[in-house]
Amino acid sequence: MPVSDFVGGGRTFRLGYDCAPQTVPSPLKELSLSEIPSKPPVVTEVVIIGAGPCGLFQVFELGLLGIGCHLIDSLGTPGGQCTELYPDKPIYDIPALPICGAQELIDRLMQQIAPFNAPLHLGQEVTALRRREDGRFDVETVLGTRFDAGAVVIAGGVGSFQPRRIGVPGADVFEGKSIHYRVRDAASYHGKKLAIFGGGDSALDWVIDFAGKAASVTHIHRRAEFRGAPASVAKMRSLVDAGAVRYIEGLADSLITGGDSFAGINVKGTDGAMHAVDADHVFAFFGLHPKLGPIAEWGMELEKKALKVDTEKFQTSVPGIFAVGDINTYPGKKKLILSGFHEAALAAFAIQHYLYPAKKQFLQYTTTSPVMQKRLGVPH
Ligand SMILES: Cc1cc2nc3c(=O)[nH]c(=O)nc-3n(C[C@H](O)[C@H](O)[C@H](O)COP(=O)(O)OP(=O)(O)OC[C@H]3O[C@@H](n4cnc5c(N)ncnc54)[C@H](O)[C@@H]3O)c2cc1C
């Protein structure tokens with residue numbers, strides 16, 4: 001999905017990406033140290049971990065104060081829960097927007113932050129965060145991208161989203177080789193025998209896409225009802241009727257292997273029979289679930305899997321590390337987008353003070369501040 005260009009106020013904004021959304025490396029496959037080219041770290045004022053609505057708005061609030069940042073997310077597209085869990089649902093409690101689709105909110109935020117050109121590093125889980133003696137931070141992602149940051153904002157929501165696994169014995173050995181949770185290079189599966197599990201849009205879209213291109217496509221879903229778009233269900237059924245796709249209603253039971261080699265998967269049908277599915281590759285599209293992951297290991301005080309912050313700066317127990325949005329907790333915390341927006345505004349001022357303690361702080365209005373308007377690229 002091309003999300004890097006936004007037109008607003010008669011101008012087109014281009015956002016910086018270092019990872020194409022369609023070529024997201026699986027967070028399950030960590031590169032070995034020898035595979036990681038050792039590039040010098042990216043030096044920046046702030047690193048924001050998490051590109052959900054609150055991480056995106058943090059870019060805006062920092063940008064208004066003239067503070068630059070890099071934004072990192074383990075997912076292949078920005079938007080956090082809004083994009084991953086309920087993109088088409090309407091939100092009714094965003095101030096001044098009586099009704100706004102969840103994806104629309106993310107698109108609007110992307111447009112709002114475009115003037116600040118914050119580079120987005122997608123498909124990269126942040127795995128390491130260390131505070132140095134000089135008060136700056138070393139940040140590292142699963143792909144080995146390193147940052148030297150003056151301050152860090154954790155906007156990690158409910159954690160980084162991980163694919164739900166197929167859950168058959170021995171699957172871990174073949175994950176990333178013959179068992180996959182996303183399609184990275186579709187053309188490489190053409191001419192292969194494929195088994196595709198799932199009843200949502202991802203499973204249906206790939207069944208339809210691969211039909212006729214793969215040597216064979218078997219679609220497996222646990223029940224008669226599908227979560228995906230009715231038009232896709234109808235298309236899939238027509239492909240089954242035409243003999244282009246084999247369909248089995250059932251659950252993954254066990255792998256068919258010959259020692260180290262992968263040969264397919266046994267499916268226990270709802271009819272009680274065991275069906276052997278001959279396959280070179282298995283795709284499981286069972287959705288994503290959030291996992292707090294490495295954030296829990298970075299030495300900050302936690303309460304019920306959330307980072308404890310104060311309500312003046314939204315700073316964690318580690319000076320220079322701030323937390324906004326669903327990831328934080330404080331007395332009276334409500335996990336709402338508008339709460340995260342407020343937190344981001346106050347955190348930005350606190351970050352400015354952390355980075356530049358001698359700098360006098362002014363409250364400026366975007367309506368009247370020429371400096372802020374210049375930063376926003378408002379034409380005069
Ligand atoms: C069905 C549903 C309906 C909702 N409706 C509303 C509503 O009407 N109004 C409302 O105010 N709120 C609503 N919410 C809640 C709202 O979506 C959340 O409050 C909001 O998404 C929190 O934003 P966030 O930016 O803090 O976190 P998230 O949206 O969770 O984004 C966090 C991001 O951080 C990334 N991340 C985490 N750890 C790492 C790491 N180590 N490295 C890299 N990236 C990482 C994740 O991949 C994710 O993209 C709803 C939630 C759901 C599920």
Side-chain angles (χ1 to χ4, degrees), residues 3 18-19 21 24-28 30 47-61 70-106 109-110 113 120-129 139-147 149 152-163 182 227 287-298 300 305-307 309 314 321-330 333-344 347:
V3 290
D18 70 351
C19 170
V24 178
S26 164
L28 300 171
E30 294 199 18
V47 158
I48 301 171
I49 302 170
C54 302
L56 295 176
F57 197 62
Q58 187 68 70
V59 175
F60 182 75
E61 288 296 325
H70 284 244
L71 188 56
I72 311 170
D73 204 296
S74 49
L75 293 173
T77 48
Q81 294 172 55
C82 294
T83 299
E84 282 305 317
L85 303 181
Y86 59 108
D88 301 324
K89 288 206 165 34
I91 304 177
Y92 300 97
D93 57 349
I94 302 298
L97 289 175
I99 178 168
C100 181
Q103 184 58 48
E104 180 192 351
L105 177 72
I106 298 306
L109 284 165
M110 292 296 283
I113 68 172
L120 263 164
H121 306 264
L122 296 171
Q124 305 194 37
E125 185 179 42
V126 175
T127 45
L129 168 61
V139 181
E140 194 167 335
T141 75
V142 70
L143 294 185
T145 314
R146 294 185 297 132
F147 300 85
V152 174
V153 181
I154 302 179
V158 281
S160 85
F161 289 101
Q162 309 286 329
R182 53 166 56 120
R227 277 177 292 113
L288 301 164
H289 69 103
K291 203 173 119 224
L292 192 54
I295 294 173
E297 290 146 29
W298 295 336
M300 290 159 288
K305 294 190 181 172
L307 297 168
V309 292
F314 296 95
I321 304 183
F322 300 79
V324 300
D326 281 10
I327 194 77
N328 75 15
T329 186
Y330 51 84
K333 167 74 183 181
K334 298 285 177 283
K335 290 189 180 185
L336 288 171
I337 295 166
L338 72 88
S339 312
F341 287 173
H342 159 79
E343 294 159 15

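Each ligand, and each atom within it, is numbered from 1 in the order the structure gives. Note that this is a predicted model, so its numbers are computed, not measured.
Side-chain atoms of N328 do not come within 3.5 Å of backbone N or O of V309 as any donor-acceptor pair. A distance-only check finds no donor-acceptor pair linking the side chain of E125 to the backbone of S74 [under 3.5 Å]. Of the possible donor and acceptor atoms, one in the side chain of K333 sits under 3.5 Å from a partner among the backbone N and O of G325.
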Could you list each nitrogen or oxygen of ligand 1 that sits under 3.5 Å from a protein nitrogen or oxygen, with the atom names and the distance?
from: ligand 1; atom 1: 9 (N); to: D93; atom 2: OD1; distance (Å): 2.9
from: ligand 1; atom 1: 9 (N); to: D93; atom 2: OD2; distance (Å): 3.4
from: ligand 1; atom 1: 11 (O); to: I337; atom 2: N; distance (Å): 2.9
from: ligand 1; atom 1: 14 (N); to: Y86; atom 2: OH; distance (Å): 3.2
from: ligand 1; atom 1: 17 (O); to: Y86; atom 2: OH; distance (Å): 2.5
from: ligand 1; atom 1: 19 (O); to: D326; atom 2: OD1; distance (Å): 2.8
from: ligand 1; atom 1: 19 (O); to: D326; atom 2: OD2; distance (Å): 3.2
from: ligand 1; atom 1: 25 (O); to: P53; atom 2: N; distance (Å): 3.4
from: ligand 1; atom 1: 25 (O); to: C54; atom 2: N; distance (Å): 3.0
from: ligand 1; atom 1: 26 (O); to: D326; atom 2: N; distance (Å): 3.0
from: ligand 1; atom 1: 29 (O); to: Q81; atom 2: N; distance (Å): 2.9
from: ligand 1; atom 1: 30 (O); to: Q81; atom 2: NE2; distance (Å): 2.8
from: ligand 1; atom 1: 38 (N); to: S160; atom 2: N; distance (Å): 3.4
from: ligand 1; atom 1: 41 (N); to: V126; atom 2: O; distance (Å): 3.2
from: ligand 1; atom 1: 42 (N); to: V126; atom 2: N; distance (Å): 2.8
from: ligand 1; atom 1: 44 (N); to: S74; atom 2: N; distance (Å): 3.1
from: ligand 1; atom 1: 47 (O); to: D73; atom 2: OD1; distance (Å): 2.7
from: ligand 1; atom 1: 47 (O); to: S74; atom 2: OG; distance (Å): 3.2
from: ligand 1; atom 1: 49 (O); to: D73; atom 2: OD1; distance (Å): 3.1
from: ligand 1; atom 1: 49 (O); to: D73; atom 2: OD2; distance (Å): 2.7

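The only option from V47, V139, I295, I154 that meets the side chain to side chain contact (heavy atoms under 4.5 Å, CB included) definition with V126 turns out to be V139.
G79 and P53 get closest at one heavy-atom pair: O-CD, 3.7 Å.
Qualifying ring pair (Phe, Tyr, Trp, His ring centres under 6.0 Å) partners for F60, counting only residues two or more places apart in sequence or in other chains: F57, F116.
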